[in-house]
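Inspection log for the structure reproduced underneath, given as structure tokens.
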Amino acid sequence: EALIQELRQLKLNQKAEVEEAVEEAEREMHQLHNRIRMLQRQTSGLTQSVQQWQQRNEDKKTEIASLKKHEQTLQQQNRMLTRNLQGAESKIQQLSEDRKRLITQLQSQ
């Protein structure tokens, strides 16, 4: 009878230990689920930040390409204006020389 009672007590103790272990595992699982949800939110936030950064980066690349194209246009205009200026200076020089010749011719008459 004492042996049976001891076996029953042992069985009850084992059952209590198992229940306690299950409860502890459930608590740990709940904590892990909470941690997973928190990490998922952080990951989502980081993903969104990365996407925003990538979009800004693409926008900057587009802006740089546009500025380079504008720079090329300005350089072409600058070369054209420089040629026009050189042509105008040459024309002014020629007109000045023509004027001097005409004045000399008129004075000699």
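For Glu28, the CD atom sits in a packed shell: over 12 heavy atoms of surrounding residues, nucleotides or ligands are nearer than 6.0 Å. Within a 6.0 Å radius of CZ in Arg35, other residues, nucleotides and ligands contribute 12 heavy atoms or fewer.
Put simply, the side chain of Ser96 never gets that close to the backbone of Ile92: no donor and acceptor are under 3.5 Å apart. A donor-acceptor pair is defined here as one N or O able to donate and one able to accept, closer than 3.5 Å; such a pair exists between the side chain of Thr47 and the backbone of Thr43.
Using a 4.0 Å cut-off between charged side-chain N and carboxylate O, Arg56 and Asp59 make no salt bridge. Between Glu71 and Lys68 there is no salt bridge, since none of the side-chain N atoms of the basic residue sits less than 4.0 Å from a carboxylate O of the acidic one. Under a 4.0 Å N-O distance rule, the pair Glu97/Lys100 does not qualify as a salt bridge.
Under the side-chain hydrogen bond (donor to acceptor under 3.5 Å, both in side chains) criterion, no residue pair touches residues 72-89, with sequence neighbours excluded.
One distance of note links CD of Gln93 with OG of Ser90; it measures 8.0 Å at 0.5 Å rounding. The CG atom of Leu10 sits 12.0 Å away from atom CD of Gln5, with the distance rounded to the nearest 0.5 Å. Taken from NZ in Lys60 to CH2 in Trp53, the straight-line distance is 13.0 Å, to the nearest 0.5 Å. Lys91 NZ to Gln94 CD: the interatomic distance, rounded to the nearest 0.5 Å, is 8.0 Å. Between Leu67 atom CG and Lys69 atom NZ the span is 12.5 Å, to the nearest 0.5 Å. Note that CD1 of Ile4 and NZ of Lys11 are 12.5 Å apart. Values are rounded to the nearest 0.5 Å.
The residue from His30, Gln31, Glu24 that alone fulfils the side chain to side chain donor-acceptor pair (under 3.5 Å) condition with Arg27 is Glu24.
Defined by atom type and a distance below 3.5 Å, a donor-acceptor pair is present between the side-chain atoms of Asn13 and Gln9. Gln105 and Gln109 are not linked by any side-chain donor-acceptor pair at a separation below 3.5 angstrom, with hydrogens and angles left out of the test.
Contact annotation: the side chain of Gln54 approaches that of Val50 to within less than 4.5 Å [non-hydrogen atoms, C-beta and beyond].
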